[in-house]
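Numbers restart at 1 for each chain; the letters A, B, ... are given by sequence-line order, proteins then strands. Please read all numbers here as calculations on a predicted model, not as lab measurements.
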Number of protein chains: 2
Amino acid sequence: MSLPHAILGLLLDRPMTGYDLKLLFDKELNSFWPAQMSQIYRELGNLEAKEWVDSRIEVQESRPDRKVYSITGVGKQVFQEWMNRFPKSLISPCRDEFALRVFLGGRSARDEMQFQLRRFIREKQSEVATFTLLEKNYETMAKKNTDQAMYRRMTMRRSNIVAEALILWAEDCLEELEKKA
Amino acid sequence: MSLPHAILGLLLDRPMTGYDLKLLFDKELNSFWPAQMSQIYRELGNLEAKEWVDSRIEVQESRPDRKVYSITGVGKQVFQEWMNRFPKSLISPCRDEFALRVFLGGRSARDEMQFQLRRFIREKQSEVATFTLLEKNYETMAKKNTDQAMYRRMTMRRSNIVAEALILWAEDCLEELEKKA
DNA sequence: ATTTAATATATGCATAGTATAATAATGAAT
DNA sequence: ATTCATTATTATACTATGCATATATTAAAT
């Protein structure tokens with residue numbers, strides 16, 4: 001139920017096409033709210049039908065025309081209402097296949113689990129590198145003292161510390177498995 | 001695509017009803033693979049149609065009859081194949097509404113965000129308490145030196161350290177907001 | 001007296017998410 | 001020469017998930 005509100009929140013900054021939004025989602029929201037192209041375009045259609053956004057066509061010569069979406073007055077209201085009403089529980093369900101595989105890991109060979117844990121660490125390390133860059137970007141922006149940059153930096157920090165905690169966890173697991181061998 | 005394999009993996013331990021499975025999911029898998037009743041029963045139906053599990057009815061007098069599912073030979077093979085083939089990426093997409101709300105937090109009043117961060121910390125602390133209990137249970141079981149208990153303890157540890165990292169993060173955010181006020 | 005909790009299974013509907021491809025033009029790389 | 005990458009939108013089909021509800025019985029709690 002949050003994708004429409006995420007899109008409304010992003011359109012508050014500036015009018016954007018579905019393509020623009022997809023780039024933003026991939027770059028900055030991916031670690032806590034990934035969205036597919038098809039989802040974004042469908043949702044923009046829904047939002048326009050509800051008149052929470054409207055659109056104008058920008059003609060281009062060499063490229064397909066751009067359909068630029070803007071948030072409407074009603075859209076702003078709907079977004080603000082959502083922002084003011086937090087859910088009863090702040091814990092979101094999360095499905096993590098790697099965690100499931102570790103849980104069921106007794107059915108796998110130990111050296112296979114060690115191999116996969118090392119792979120997991122490498123993937124998380126590359127995440128940390130990405131998050132750190134984004135965090136620094138927002139740090140620079142935050143010097144202008146806007147709350148927005150501060151909150152976005154906090155979110156990147158969140159993704160970062162979770163990834164770092166998982167690296168430490170995986171390293172602990174590896175150590176235990178190596179001790180057993 | 002992992003729910004069927006999660007169920008197969010759990011049925012390797014012992015035959016279970018849909019109800020038994022739901023209790024197990026809620027108690028031990030909830031933090032990394034939550035599942036609804038309706039999902040479990042539907043999936044058991046699918047698995048039985050594929051003959052990866054079979055079932056027998058246990059008649060009860062005072063309660064509705066139990067339909068006890070067991071994993072078949074084919075089911076064991078399918079599970080083992082899944083266990084041996086890890087996905088290309090070990091990072092699962094995760095949607096977290098609270099993180100999204102912080103990201104969009106510039107549109108909210110600071111004291112509201114502080115209130116919600118405090119609420120978030122309390123919820124995470126209660127998670128930590130739950131995970132710690134489960135972790136200790138598995139620690140006791142792990143003394144019998146079975147790999148299964150070790151891996152399950154590792155998974156609980158994972159949920160625990162993520163929750164603890166998020167508490168520290170939220171406390172940092174709170175501090176920064178308080179400094180600004 | 002009535003509601004709620006626990007045990008037990010199952011279905012229907014709506015929402016959400018994934019996968020893929022069609023269409024269209026350009027420029028860069030192989 | 002052909003494939004791939006980028007910019008840009010849309011459609012379709014499929015899978016997964018969530019929420020509510022129906023059925024049935026017993027026992028405990030209000």
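- Distances shown here put every side-chain N or O of Gln36(B) at or beyond 4.0 Å from the OP1 or OP2 atom of dT17(D).
- Remark: C1' of dT9(C) and CD1 of Ile40(B) are 12 Å apart, rounded to the nearest angstrom.
- The nearest whole Å value for the distance from the CG atom in Leu21(B) to the P atom in dA8(C) is 12 Å.
- A side-chain contact (heavy atoms from CB on, under 4.5 Å) with Arg153(B) is found for exactly one of Met141(B), Glu135(B), Gln148(B), Lys136(B), namely Glu135(B).
- Residue contacts for Met37(A): at a heavy-atom cut-off of 4.0 Å it reaches a base atom on one of the strands shown.
- To the nearest angstrom, P of dA8(D) lies 15 Å from NZ of Lys22(A).
- Comparing dT17(D), dT9(C), dT9(D) by their closest approach to the side chain of Thr17(B) singles out dT9(C).
- In this structure, CG of Asn46(A) is placed 12 Å from P of dA11(D), rounded to the nearest angstrom.
- The side chain of Tyr41(A) lies closest to dT10(D), out of dT18(C), dT11(C), dT10(D).
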Verify salt bridge (charged side-chain N to carboxylate O under 4.0 Å, His left out) between Lys179(B) and Glu176(B), making sure each step is shown before the conclusion.
-> CA-CA 5 Å; Lys179(B) 248 196 302 186; Glu176(B) 190 174 345; over 6 Å; no

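- Annotation: Phe103(B) is not in aromatic contact with Tyr151(A) [ring centroid separation under 6.0 Å not met].
- Note on Arg95(B): a side-chain N or O is less than 4.0 Å away from OP1 or OP2 of dT18(C).
- Spacing between atom CG of Leu44(B) and atom C1' of dA10(C) amounts to 11 Å, rounded to whole angstrom units.
- Distance Asp65(B) CG to dT7(C) C1': 12 Å, rounded to the nearest Å.
- Side-chain atoms of Arg66(B) lie closest to dA8(C) of the nucleotides dA10(C), dA8(C), dA16(D).
- The pair Asp147(B)-Arg110(A) meets the salt-bridge criterion, since a charged nitrogen lies less than 4.0 angstrom from a carboxylate oxygen.
- For Gln39(B), a side-chain nitrogen or oxygen approaches OP1 or OP2 of dG18(D) to under 4.0 Å.
- Distance from the side chain of Tyr19(A) is smallest for dA8(D) among the nucleotides dA10(C), dT17(D), dA8(D).
- Map Pro93(B) and Lys67(B) each onto its nearest nucleotide of DNA chain C; the residue landing nearer the 5' end is Lys67(B).
- Between His5(B) atom NE2 and dT15(D) atom C1' the separation is 14 Å, expressed in whole Å.
- Annotation for Pro4(B) and Leu47(B): closest pair CB-CD2, 3.9 Å, computed over non-hydrogen atoms.
- Applying the 3.5 Å distance criterion, the base of dG17(C) shares a donor-acceptor pair with the side chain of Arg42(A).
- Side-chain atoms of Ser38(B) stay outside donor-acceptor range of the base of dA10(C), with no qualifying N/O pair under 3.5 Å.
- Atoms CG (Leu47(A)) and C1' (dT10(D)) sit 16 Å apart, rounded to a whole Å.
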